[in-house]
Amino acid sequence: MGTRSAVLDAIKGSSSKGYQGSFCLKCDYANNYAADVNSQGCSQCPSSMFWLISGKALIMLFSFAYSIYVLNSQKRQNQMIISDENAEAEIRLTLKQALYVDLLVTYFQVMSIVLSFKGILADIISIFGGNTVTSSGIWYPDICLLPLSEYSKNDSEKCPRCVILIKVLVTPVIEWVLICLIYLIFFYRFKITWKRLRRFLQFWVTYFMLSYPAVCDTLLKFLFCSDFGIEDGDSYVLHDPNTSCDSPEYLKYRNYIAIPALVLWGLVFPVIFLFSITYWVKRSPQNVREIFGQLMNPYKENSYYWSAAVMMLKFGLLLCNNLADSDSKTRPLSMIIIIYLYKWLESYCNPYADQSVVKGVRLSLYAYLTTIFFRHYMQDSHLAIQILSKTFIVVMNVAGIGYILSFLITEAYVKVLEFNKKYVLKMFPGIEKPVRVGEKILFGDIPNFMQASTDEISHPRSYTNCISRSESREIELNEGIRRVETAL
């Protein structure tokens, strides 16, 4: 139940369940109702903290494991480029796989922004985009972790959203410190070198890119205030009317934490990354790639600046999403303009080194545009228009994400076959069926049966070969002659 229905109930003289206040804009903390964003509806927090903490821990564990996968993938990608011992085809394959993983993460991150509806689907997309700081709507809002009964008293002087702000800012730092400690203790055995320090910095770049949309979104939501059209009314946080923008605690957090953090995440860190790449790429290319490989490998040699353009795309979409969240026309129109401008610049600059990645990027952009336009177009329309709009959205998103996943699934299938050949068939040679006449080779090759004996082949039944019909007749004839000679 959203804010609009709550306001209508307040005008009629009653408040919707879970809301309170003059216009039913606040969640009823006294009865244990809360929300990450009030406009999406206030839900009741669980009575037992066990389930709340367990849900948070599961989400954090999944996100942490996903982050480790991205880190290891980036590590292999950088090593393949830096090392000269690998074949060119192997380098291209490893690079392309890592680039498609990065492209998939970017797809989920942008899609979690442009979706006009929220809920479980949006949270799942956000988690797959690497969101390790605010992905909690599947279980319960983060604010349920606070003692809501205490915040329900004199709520105009307290700032519950301030505590959540600190949690969002601290989470990526804690995860970065934790992964560094794991490597320092279990892998590096407390031995520090310059190369390992660069690895720690590369960890921070990866965590920054994964957490960038979620942190900036939380900071923007914290800074926007509104009086909700109430004449001479107090000012509250637009997305959380339970937090007063006039309280001393809020003003302190806004001036000394939220604004500096937004400048740091939205401007300072991207500028530092871009300056470091452009300054050190000619002086120490190997070292700078070990740290910023994720921002360099997808692009041409003179187009490393495009990583900053991708971050600005996400920040611009977040700005439109928060500034015009309640405006059903301005929000989609501004997002469409930003994505079209990005698409035009991408076509003009052509920064990507691999043309197959370019195709994936453009299909993703078409999916974003289709989702934004038809989600707006289908509002307040009859059933046929809604079905048609949803069909267009599904088709374009299947095309966009399907192109990205097709390569990753194919590579995963090849690795499964290689694992089957390397381990399973050698450990259990009897599980493979004998070779039949005319059967094609699945993988691998063996010498001709007439030239190699079973002593030369460790597990004859674990290999497959294609035996033509003429060869099979010759084998049968020779065996028949040997049987006659033996009988004589």
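The chain is numbered in sequence order, starting from 1.
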- Is L333 close to I372 at the side-chain level, that is, under 4.5 Å between some pair of heavy atoms? no
- Query: Judged by atom type as modelled, is there a donor-acceptor pair below 3.5 Å linking the side chain of T410 to the main-chain atoms of S406?
  - Reply: yes
- Between Q202 and F292, is any pair of side-chain heavy atoms under 4.5 Å apart? no
Taking distance alone, no hydrogens or angles, what donor-acceptor pairs closer than 3.5 Å link side-chain atoms of residues 253-275 to residues at least two apart or in another chain?
unit_1 : atom_1 : unit_2 : atom_2 : d
N255   : ND2    : L251   : O      : 3.1

- How about Y340: does its OH atom have over 12 heavy atoms from other parts shown lying under 6.0 Å from it? no
- Item | Donor-acceptor under 3.5 Å (N242 side chain, C27 main chain) | yes
- Between P285 and V288 the two heavy atoms that sit nearest each other are O-CG1, 3.3 Å
- Does S303 reach the main-chain N or O of Y299 with its side chain, forming a donor-acceptor pair under 3.5 Å? no
- Query: Which is it for Y368 and M335 under the side-chain contact (heavy atoms from CB on, under 4.5 Å) test, yes or no, and what are the steps along the way?
  - Reply: CA-CA 9 Å; Y368 307 151; M335 285 186 172; over 6 Å; no
- Message: For the CE atom of M378 and the CZ atom of R375, what is their distance to the nearest 0.5 Å?
- Response: 5.0 Å
- Can you find a pair of side-chain heavy atoms, one from V281 and one from M296, that are under 4.5 Å apart? yes
- ring-ring contact (aromatic ring centres under 6.0 Å, His included) filter on F315, not counting sequence neighbours, yields none
- Item | Close side-chain approach of I179 and Y183, heavy atoms under 4.5 Å | yes
- Message: Checking the side chain of R199 only, and the main-chain atoms of K195 only, is there a donor and an acceptor separated by less than 3.5 Å?
- Response: no
- Task: Tell me, yes or no, whether the heavy-atom count around Y377 atom OH, taken from other residues, nucleotides or ligands under 6.0 Å, exceeds 12.
- Result: no
- Item | From CG (L388) to NE2 (H382), nearest 0.5 Å | 9.5 Å
- Message: Donor-acceptor pair, distance only, cut-off 3.5 Å: does the side chain of N397 make one with the backbone of I393?
- Response: yes
- Query: Are E290 and R196 close enough for a salt bridge, meaning some N to O gap below 4.0 Å?
  - Reply: no
- From L210 atom CG to E175 atom CD, the distance as rounded to the nearest 0.5 Å: 9.0 Å
- Message: Just to verify, what does Y342 make a ring-ring contact (aromatic ring centres under 6.0 Å, His included) with, not counting sequence neighbours?
- Response: W306
- Distance-only, no hydrogens or angles: does the E346 side chain make a donor-acceptor pair with backbone N or O of Y352 under 3.5 Å? no
- Item | Note, S364 side chain near I404 side chain (heavy atom, < 4.5 Å) | yes
- Message: I'd like to know if the side chain of Y403 and the backbone of S356 have a donor-acceptor N/O pair within less than 3.5 Å.
- Response: yes
- What pair of heavy atoms forms the shortest contact from W176 to F200, and how long is it? NE1-O, 2.9 Å
- Validation row: Y236, C225 side chains within 4.5 angstrom (heavy atoms): no
- Query: Ring centroid separation for F222 and Y250, is it under 6.0 angstrom?
  - Reply: yes
- Considering residues, nucleotides and ligands other than F208, do more than 12 of their heavy atoms fall under 6.0 Å from its CZ? yes
- Message: Applying side-chain contact (heavy atoms from CB on, under 4.5 Å) to H376 and K329, what does each step give before you reach the verdict?
- Response: CA-CA 8 Å; H376 171 67; K329 295 182 180 179; 4.1 Å; yes
- Task: Can you measure from OH (Y107) to CG (L363) and round to the nearest 0.5 angstrom?
- Result: 10.5 Å
- Task: Mind running side-chain contact (heavy atoms from CB on, under 4.5 Å) on N322 and H239 for me, showing each step along the way?
- Result: CA-CA 9 Å; N322 288 280; H239 297 279; 3.6 Å; yes
- Task: Could you point out which residue of L319, L317, L318 forms a side chain to side chain contact (heavy atoms under 4.5 Å, CB included) with D217?
- Result: L318
- Task: Test side-chain contact (heavy atoms from CB on, under 4.5 Å) on C349 and Y305 and set out the steps.
- Result: CA-CA 11 Å; C349 299; Y305 59 87; 3.7 Å; yes
- Message: Rounded to the nearest 0.5 Å, what separates atom NZ in K167 from atom OG1 in T218?
- Response: 8.5 Å
- Message: Could you measure the distance from the CG atom of L219 to the CG atom of L169? Nearest 0.5 Å is fine.
- Response: 5.5 Å
- Message: Around atom NZ of K300, are there more than 12 heavy atoms from other residues, nucleotides or ligands closer than 6.0 Å?
- Response: yes
- Non-hydrogen side-chain atoms of Q294 and S307 separated by less than 4.5 Å: no
- Message: So which atom in R331 and which in V114 form the shortest heavy-atom distance, rounded to 0.1 Å?
- Response: NH2-O, 3.5 Å
- Would you indicate whether the side-chain heavy atoms of L181 and V177 approach each other to under 4.5 Å? yes
- Note on the structure: Tightest non-hydrogen contact, residues I338 and G316, listed as CD1-O, 3.6 Å
- Message: I'd like to know whether the aromatic ring centres of Y348 and W344 sit less than 6.0 Å apart in this structure.
- Response: yes
- Task: Mind listing the closest non-hydrogen atom pair of L146 and P160 along with its distance?
- Result: CD1-O, 3.6 Å
- Query: Looking only at heavy atoms, what is the nearest atom pair of G293 and P298, with distance?
  - Reply: O-CD, 4.3 Å
